[in-house]
Amino acid sequence: MLIVIPQVLSAAEVQQFRTHIAQADWQDGVQTAGSLARHVKQNLQLSDTAEPALSLGKHILRALAQTPLFISAALPARIYPPKFNCYRNGGHYGAHIDGSLMQLPNSHLTLRTDLSATLFLNEPEDYDGGELSIDTRYGTQTVKLAAGDMVLYPSTSLHQVTPVTRGERLAAFFWIQSQIQDNTQRELLFDLDQSIQRLTVELGSTHAEVVRLSGVYHNLIRQWAVA
Ligand code: NI
């Protein structure tokens, strides 16, 4: 299931990001492609060990921590520090699946990629092509979001970015290890939580059935979470 998280960044924040990114040095993205993806990747990336990527990445992590829809959908255990890319002049990324395990920078910890995220940093009208196309059980879904919006999708999905034939496409991308490894279980918890949130508004948080459903939600997490 693809989940769109609207307005992770405000218009003002996106503008601020664009200003920093415009002055940055872009590197050939092939340098960071795994051996499988090397043949299909043609884009530019910011160095993740230098500014502005470090500060902007932290800014995104702070924004996500204050985005309840993201927490509900991802149930994050670990988040890879966001990376930034730019596609222009026919740049594209052919069909691939993201690597399964990633070493977290400056850490001994490994991150299992359960969810992949793309946060769009410029408007869809700014470029032609550049769609994120994701194979799902229900067919191929195509995503091209407003600046500041983000899509989350299972990292098990085959996906690609189609060639950008006009303008440029700027985005941040990263991975999440969820407390719930199984996609179906995580999606059930998301649906349940969204329903509880709406019932809480209608009935109040102390209503007996809201309390009971919240208990079910937490007891399912207790059953399914990878400690
Ligand atoms: Ni990918």
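Nothing here was measured: the structure is a model prediction, and the numbers come from that model.
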Could you tell me which non-hydrogen atom of [X] sits nearest to which non-hydrogen atom of [Y], and how far apart they are?
X	Y	answer
Q42	N89	NE2-O, 4.0 Å
R88	L44	NH2-CD1, 3.5 Å
S107	L109	OG-N, 2.8 Å
L104	I79	CD2-O, 4.1 Å
L46	D25	CD2-O, 3.5 Å
P52	A24	CD-CB, 3.7 Å

Side-chain contact, heavy-atom cut-off 4.5 Å: [X] with [Y]?
X	Y	answer
M150	T67	no
V210	T206	no
Q177	T113	no
C86	V164	no
I21	F84	yes
D48	P82	no

Nearest 0.5 angstrom please: [X] [atom1] to [Y] [atom2], how far?
X	Y	atom1	atom2	answer
L145	E123	CG	CD	10.5 Å
D126	L121	CG	CG	11.0 Å
L64	L9	CG	CG	8.0 Å
I196	E209	CD1	CD	11.5 Å
I97	T156	CD1	OG1	7.0 Å
L220	Q223	CG	CD	7.5 Å

- Would you say N219 has more than 12 foreign heavy atoms packed within less than 6.0 Å of its CG? yes
- Check whether more than 12 heavy atoms from other residues, nucleotides or ligands sit under 6.0 Å from atom CD of E13, and answer yes or no.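 Yes, enclosed.
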[Y] backbone acceptor or donor facing [X] side chain under 3.5 Å:
X	Y	value
S155	S116	yes
T136	G139	yes
T162	E131	yes
T19	Q15	yes
Q185	W224	no
D149	Q7	yes
D114	S178	yes
K144	E125	no
K41	G29	yes

Is [Y] reachable from [X] through a run of I, L, V, M, F, W or Y residues, each pair having side-chain heavy atoms under 4.5 Å apart?
X	Y	result
L152	V143	no
F120	I5	no
V211	L213	no
L192	L75	yes
Y93	L170	no

- Note on the structure: The complete set of ring-ring contact (aromatic ring centres under 6.0 Å, His included) pairs with one or both residues in residues 156-199, sequence neighbours excluded, reads Y80-W175, H96-H159, Y153-H159, F173-W175
- Message: With side chain to side chain contact (heavy atoms under 4.5 Å, CB included) as the criterion, how do R169 and L132 come out once you've worked through the C-alpha distance, each side chain's angles and the decisive distance to 0.1 Å?
- Response: CA-CA 11 Å; R169 173 199 195 264; L132 174 60; 3.9 Å; yes
- Message: Could you list the cluster mates of V201? Members are the ILVMFWY residues connected by side-chain heavy atoms closer than 4.5 Å, either directly or through other members.
- Response: none
By salt bridge (Lys or Arg N to Asp or Glu O under 4.0 Å) - contacts of [X] (at least two apart):
X	value
R166	D128
E202	none
D135	none

- Please report the C-alpha distance between Y127 and N122 in whole Å, then the side-chain angles of each, then the deciding distance to 0.1 Å, and finally whether the side chain to side chain contact (heavy atoms under 4.5 Å, CB included) criterion is met. CA-CA 9 Å; Y127 55 96; N122 63 339; 3.5 Å; yes
- Task: Show your reasoning for whether side chain to side chain contact (heavy atoms under 4.5 Å, CB included) applies to L101 and R112.
- Result: CA-CA 5 Å; L101 296 173; R112 183 191 62 239; 4.0 Å; yes
- Message: If the condition is ring-ring contact (aromatic ring centres under 6.0 Å, His included), which residues does H59 pass it with, not counting sequence neighbours?
- Response: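 H59 satisfies ring-ring contact (aromatic ring centres under 6.0 Å, His included) with F17 only.
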- Task: Decide side chain to side chain contact (heavy atoms under 4.5 Å, CB included) for L199 and H207; before the verdict, give the C-alpha distance in whole Å, the side-chain angles of both, and the deciding distance to 0.1 Å.
- Result: CA-CA 9 Å; L199 286 175; H207 189 284; over 6 Å; no
